[in-house]
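Reviewing the structure listed below.
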Amino acid sequence: MKKTFVFLGLFLSLMSLGVRASADDGYRLWMKYDLISNPQKVKEYRESIKAWMVEGSSPTIEAAKHELRIALDGLLGSNIPEVSSVKEDGELIAGTYTSSSPFAAAGLKNMVIKVGQEGFVILREKVSGQNAIVITANTEIGVLYGVFHFLRLLQTEQDISSLRIISFPRIKLRMLDHWDNLNGTVERGYAGFSIWNWHTLPTFIKRRYIDYARANASIGINGAVLNNVNADPRIMTRHYLKKVAALADVFRPYGIKVYLCANFDAPIILGKMKTANPTDPRVQEWWKDKAKEIYSFIPDFGGFLVKANSEGQPGPSDYGLTQADGANLLANAVKPYGGIVMWRAFVYTYNAKDRAKQAYEIFKPLDGKFADNVLLQIKNGPLDFQPREPFTPLFGAMPKTNLMMEFQITMEYLGQGTSTVYLAPLFKETLESDTYAKGKGSTVAKVIDGSLDAHTLTGIAGVSNIGADRNWTGNEFGQSSWYAFGRLAWNPNLSSEEIADEWIRMTFSNDKDVVSSIEDMMMQSREAVVNYMDPLGLNMIFGYDNHYGPGPWIDYSPHPDWNSTYYHRADSLGIGFDRTKSGSDAVSQYHPPLSGEFASLTECPPKFLLWFHHVRWDYRMKSGKTLWDEICYHYYAGVDSVREMQKVWNSLKGKIDNEEWNDERMFLEIQEKEAVWWRNACVLYFQTFSKMPIPAGLEKPDKTLEYYESLKFPNAPGTW
Ligand code: GCV
């Protein structure tokens, strides 16, 4: 009885807070297709789309039809009929372009030629004498991408009265890398367990697999690596291959190929051989047989992703061979089937003088030695997905090798899903960095889209932030980074603001004030985290192993470069890692004039100052403040930004779905506490070296350094 009253009380108080019963749980991502709230727009769109048709009947075309059906009915609030031919003005027609297409026209043909195998054209065109909206492409997948693009125009309430869109992807392989383990956990996953249910596959196809494919296709992602780079070789056994094949079948209509992470020791572990030495003909044969077997299950299998000789993984160095020898072994095996190998450059030993230099030292000499179906997959920064790093100097240093980008969408070092961080600005910062490899304008984007060195096999990967949580990413704002990754993989020239604008409109509301408030919040979110975690080029000062929370004091790892002290190098004189000539000389891995800029204490961009320089605490910054004061102000600014984000979010109550609003409110509450914790812990710790006061007027830490050092996190994901 008592319990009933408690529940009733809770229910009533939730009602008084305005919690609606039919709240949105975030499952539908950016494909909500709810009725457009502006009646004028609905009227305008209904006049332009009185009926629709998609030519053909393949699974991809059926996917396009399904999407149009549910989206048009939902967005326009009434059944928009599907027809089999254009009969009147104001219809939408989609299909692949052939000379016998009903919309075949010389002008259109010239446009379609430009969009290649995945692009599309959307325009208004006369079809059978009637004014129609035409979505066409060279391929069916191009048509599907075009349909998604068109729907995005409606979802974001764009003007469709005159359409002339020619769109094609700049990068060929646009991949999500899942670090999902076969036991259902996700390495560095903050949205619950893996979405792959290996127990019920291959027979039980969850609705979520299809929605995963829809979501990815809607932003042009065309590849998924299903398992962790710390690879369990059993994924390549018949038992799992049947399950992988079932997923590949689900994804195929959506243009998504399946890839697997291979364990280099698979010939030993699965094949019971004595060696995995790439020069041994029996090992070569084993990989060829394995490839044959995989392709017998999945005829369009994409290929392998490999982490070798890195963090305990086996690899070619175990046999005194190079990384290229290892990559080429697997590349030869998949070559006959058109497969590729993505070979990771995240390779380091634990006691190097400067870990940030290692990938360059190992891989640069191998330029030109990789088979043509290998891509070298390089993390955006030289260390490890820090909130801010300069770009990895390998971009711009290996013109004869196919280089692909690896970003992390999951937020290992960015608050682990409790925080709201929109990652497009981070991605853009790297993509827009100028390598100067061939003079000014040789941006990282041009390296990876192949245009700088005339490569056609190009790629970009994002380590997925997706899990079994109902809203996919744990914190719903994580969806924005997944979305942004796909959009930038398609077109690296889009701006962070444009992408945020699209995502907000599709996810929350088209209301002008709502859009600008949320955009404001998103656009400051990444810098906020940099400020309260590791400003001015600091990095790798995270809690040991779990990477959750501050740990600048970590100095007990047997691996020197797993210690925070290895990176920040704080002492009584100053702080920062000297990577100039007097230090590790990592600056020389960059092309001039960048190398000179980074090497100069006065010219180095402040955001990278302590990455490249050991700087005195009393050094006068351009701002006129001492370095110590500047560090303090950055830490405090980070907390202020989070509080500002909270204010913005609070102002949106009642203007967006209440459940989504409330979820984010709670996450921001956690983030505010974490920001204060980071700030206090770091300022107090660094103060033990600087011996300088926290500038007047800034709130003083309410706990001691010992308190922060004593904190334990038994529930931080990844610690179990
Ligand atoms: C998959 C970092 C992470 C590891 C990850 C590794 C990698 O070190 O902490 O969890 O392993 O990067 O990218 O291989």
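Order of listing sets the numbers, starting from 1, for every ligand and every atom in it.
- Pairs of residues two or more places apart, or lying in two chains, never qualify as side-chain hydrogen bond (donor to acceptor under 3.5 Å, both in side chains) while including a residue from residues 257-271.
- Checked against a 6.0 Å centroid threshold, the rings of Tyr350 and Trp562 count as neighbours.
- The immediate protein surroundings of ligand 1, defined as residues with any heavy atom under 4.0 Å of it, consist of Trp179, Glu187, Arg188, Asn228, Val229, Asn230, Lys307, Glu311, Arg344, Phe346, Lys379, Asp384, Glu412, His547.
- Aromatic ring centroids of Tyr240 and Trp196 lie 6.0 Å or more apart.
- Between His178 and Tyr212, a ring centre-to-centre spacing shorter than 6.0 Å is recorded.
- Ring centers of Phe485 and Tyr483: at least 6.0 Å apart, outside the cut-off.
- Two rings, from Trp677 and Phe713, have their centers less than 6.0 Å apart.
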